[in-house]
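Side-chain atoms are counted along with the backbone in the values below, which use heavy atoms only and exclude waters and symmetry mates. None of the values given here were measured: they were computed from a predicted structure.
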Amino acid sequence: MKRLAAIVFAALLLSFMVCGCKKTETDPSGRVPRTDGGQSGVPADFWYGKELRICTASDTAAAQDLFVQENDAMQGEPIYDAVRKREQILRTEYGITTALVEKNTATQSAYAYLSRAIKAGDAAFDCLVTDGTTAYALAQQGMLCDFSEIDSLDLERDFWESAVQRQLTLGGAVYFLTGDFTSYDDRATQLIAFSKELWSQYADLLGCDTPYTLVESGDWTLPAMLSAAELVASQRHATDADGARYGCAVTDASLSGFLLGADVHMVSANAAREQSLCFPGARTDTAWNQLMQFFTSGAVVNRSAVSDFKMDAFQNGRTLFYTDTIGGIIAMRALRSDFSFGILPYPKLDSAQSGYFAASDSSEAVFLCMPLSCADSEKVGQALSVFAYVSSQTLTPAFYEKVLYGASVRDEESEPMLRLILANKQYDLGLWRNFGGFSDALRSAAKEKKENISAVYRSMQSQIERDFSQDMKYFE
């Protein structure tokens with residue numbers, strides 16, 4: 001069904017499309033010798049010779065490092081310098097000029113804008129970078145190209161994120177990519193920060209000098225985190241009524257972090273990359289009960305639900321743990337640099353769990369897609385390969401070495417923690433597709449502290465399975 005719909009849709013597009021990519025040819029006379037050593041994945045004589053037009057319409061997060069205008073006042077800022085360097089290399093070595101295409105009205109959703117443009121055969125953009133909900137809706141309606149069928153793209157290259165391909169393949173097709181072309185896939189990854197000052201102060205009671213020891217031994221678990229949070233909160237209550245009152249400050253978004261960290265999924269892909277419902281599973285009730293014990297603890301505060309929660313509470317030593325994304329930690333460090341914190345992955349359910357897993361926050365993640373209205377998918381595929389490769393040599397090292405490891409995290413122990421987190425990203429189609437409304441029900445159940453989540457699922461099971469089955473049939 002998917003193939004037939006795509007073929008019919010593509011045929012309709014041909015009746016609308018009168019030209020290919022915009023004919024703003026780059027003068028090859030300014031070309032300089034390539035410096036990629038053959039690693040960019042395109043032929044030695046490749047020359048794009050025009051704009052690579054990227055549409056950035058998105059209803060949630062937007063990647064801010066796809067292109068920047070020249071600004072002398074920004075020189076010296078690592079991401080700005082890296083993006084400008086990438087632009088220079090793309091232009092002079094490959095004939096690629098990056099141009100962003102933004103949504104032309106604030107009165108419609110990203111999906112409405114993009115779907116209308118694609119249906120009309122609008123050749124105003126060659127690819128798009130958008131939020132997951134919009135990307136999935138476009139794929140579901142047969143409006144996106146399957147990257148795995150574009151011969152000029154080698155999806156096994158290191159500059160393409162493999163986790164997305166493994167976990168979000170639909171009916172054997174790859175509609176979504178992340179990778180080195182932007183840092184915003186990494187920024188959307190969830191983690192836990194901890195106050196090094198508070199941990200050091202109560203190290204004797206906590207049983208170790210640093211929680212890194214627990215991570216390394218495989219004993220950083222949800223019960224261990226709750227125990228530490230309750231201990232520190234009780235000590236501060238007893239000694240300083242106006243001081244730190246919480247063991248952990250969480251948000252609504254951290255629910256997915258804890259669930260996926262405990263290896264509890266709603267939808268997962270098997271080794272053949274086939275999607276299936278897997279909730280509730282063998283670990284679900286145990287994980288949920290521990291989470292409810294954690295969330296109902298007086299040591300834990302949901303800062304999403306407390307209107308007067310002071311956003312500097314973590315910096316001022318009022319909470320031991322603080323859940324956030326990498327992007328959030330970077331922003332927090334930019335606001336204040338005179339406090340010491342460390343980085344941890346979300347805890348495992350128990351010590352027997354195979355490893356640590358890091359959820360991607362669905363409200364912050366962005367994905368690269370190619371519309372069926374793209375006039376020359378093979379040529380654009382080559383340009384995207386070059387874009388990702390050059391980014392891996394410019395943007396990625398600037399982000400990791402200068403922004404992430406250099407400016408944001410300043411202790412040697414946190415660097416391997418970040419590497420561990422980024423190497424184990426998790427995407428769950430069910431959490432952002434919201435089959436049968438169950439993602440919403442999960443969040444409501446957490447807020448209401450419902451203990452039997454399997455019963456909640458069973459009450460909605462027919463609609464969940466119906467929605468899931470209908471979606472998957474389309475992608476067959």
Side-chain angles (χ1 to χ4, degrees), residues 6 9-10 12-13 16-24 50-71 79-80 83 86-87 90 96-145 147 164 168 175-179 181-185 187-188 253 325 327 331 360-377 380-381 383-384 387-388 391 395 432-434:
F9 186 54
L12 289 173
L13 284 177
F16 291 103
M17 298 174 65
V18 296
C19 63
C21 297
K22 184 179 176 182
K23 300 299 183 179
T24 53
K50 51 183 172 284
E51 291 179 344
L52 174 64
R53 297 157 306 158
I54 307 172
C55 184
T56 58
S58 177
D59 288 333
T60 53
Q64 302 293 326
D65 53 10
L66 299 174
F67 176 78
V68 292
Q69 295 288 349
E70 186 173 3
N71 183 348
I79 298 300
Y80 171 85
V83 173
R86 178 180 66 193
E87 283 298 304
L90 290 173
I96 298 173
T97 303
T98 306
L100 301 186
V101 179
E102 299 179 351
K103 187 172 65 172
N104 60 10
T105 176
T107 62
Q108 58 184 329
S109 68
Y111 173 77
Y113 168 74
L114 291 167
S115 61
R116 185 175 294 112
I118 297 170
K119 287 177 181 178
D122 188 345
F125 51 88
D126 308 305
C127 60
L128 55 108
V129 176
T130 190
D131 62 273
T133 300
T134 299
Y136 182 85
L138 292 171
Q140 187 184 35
Q141 295 302 314
M143 298 185 193
L144 299 181
C145 295
F147 283 118
V164 166
L168 296 182
Y175 297 111
F176 324 119
L177 290 177
T178 61
F181 65 91
T182 179
S183 64
Y184 278 77
D185 59 323
R187 292 173 190 257
T325 60
S360 176
D361 188 330
S362 60
S363 68
E364 297 187 24
V366 292
F367 299 91
L368 172 67
C369 308
M370 186 182 294
L372 278 184
S373 55
C374 177
D376 189 343
S377 60
V380 173
L384 290 175
F387 193 93
S391 297
L395 178 63
W432 45 277
R433 169 56 180 86
N434 198 23

*asked:* Restricting to salt bridge (Lys or Arg N to Asp or Glu O under 4.0 Å), what partner residues turn up for Asp185, sequence neighbours left out?
replied: Lys425

_Exercise: identify the closest heavy-atom pair between Ala135 and Cys369_ = CB-SG, 3.7 Å

_By ring-ring contact (aromatic ring centres under 6.0 Å, His included) - contacts of Phe125 (at least two apart)_ = none

*Using atom types as modelled and distance alone, determine if a side-chain donor or acceptor of Asp131 lies under 3.5 Å from a backbone N or O of Ala61.*
no

*asked:* When you compare the side chain of Leu90 with that of Thr97, does any pair of heavy atoms fall below 4.5 Å?
replied: no

_Nearest-0.5 Å distance, CD of residue Gln64 to CG of residue Leu100_ = 9.5 Å

_Considering all heavy atoms, the nearest Thr134-Ala110 contact_ = OG1-CB, 3.9 Å

*Go through the steps to decide whether Leu144 and Phe176 satisfy the test side chain to side chain contact (heavy atoms under 4.5 Å, CB included), and finish with yes or no.*
CA-CA 9 Å; Leu144 299 181; Phe176 324 119; 4.3 Å; yes

*Is the side chain of Asp59 donor-acceptor paired with the backbone N or O of Ser109 at a distance under 3.5 Å, no angle test?*
no

*Hey, does the side chain of Arg86 reach the backbone of Leu66 with a donor-acceptor pair shorter than 3.5 angstrom?*
yes

_Within this structure, what is the OG1-CD1 distance for the pair Thr56 and Ile54, rounded to the nearest 0.5 Å?_
9.0 Å

_Which heavy atom of Gly142 sits nearest to which heavy atom of Leu372, and what is that distance?_
O-CD1, 3.0 Å

*Do Gln69 and Tyr80 come close enough that some side-chain heavy atom pair is under 4.5 Å?*
no

*Taking all non-hydrogen atoms of both residues, which atom of Tyr113 and which atom of Cys55 are closest, and how far apart?*
CE2-SG, 3.7 Å

*Show your working on side chain to side chain contact (heavy atoms under 4.5 Å, CB included) between Met370 and Ser377 and close with a plain yes or no.*
CA-CA 8 Å; Met370 186 182 294; Ser377 60; 3.5 Å; yes

*Over all atoms of both residues, closest heavy-atom pair of Lys103 and Ala57*: CB-CB, 3.9 Å

*For Asp65, which residues count as a side chain to side chain donor-acceptor pair (under 3.5 Å) partner, sequence neighbours excluded?*
Thr182, Ser183

*Any Leu138 side-chain heavy atom under 4.5 Å of Leu128 side chain*: yes

*To the nearest 0.5 Å, how far apart are NZ in Lys119 and CD in Gln141?*
6.5 Å

_Go through it in stages, so that I can follow the logic: the residues are Val129 and Tyr184, the test is side chain to side chain contact (heavy atoms under 4.5 Å, CB included), and I'd like the CA-CA distance, side-chain angles, deciding distance and then a yes or no._
CA-CA 11 Å; Val129 176; Tyr184 278 77; over 6 Å; no

*Hey, what's the ring geometry for Tyr136 with Trp432, parallel, tilted or perpendicular (30° and 60° as the breaks)?*
perpendicular

*For residues Ser58 and Thr130, report the shortest heavy-atom separation together with the two atoms involved.*
CA-OG1, 3.6 Å

*How long is the gap from CE on Met143 to CD1 on Ile118, to the nearest 0.5 Å?*
6.5 Å

*Taking side chain as C-beta onward, heavy atoms only, is Gln140 less than 4.5 Å from Arg433?*
yes

*Out of curiosity, Glu51 CD to Ile96 CD1, how far, rounded to the nearest 0.5 Å?*
12.0 Å

*Going through the checks in order, is the side chain to side chain contact (heavy atoms under 4.5 Å, CB included) test met by Asp126 and Asp376?*
CA-CA 8 Å; Asp126 308 305; Asp376 189 343; over 6 Å; no

*asked:* Is the shortest side-chain heavy-atom distance between Leu368 and Cys127 below 4.5 Å?
replied: yes

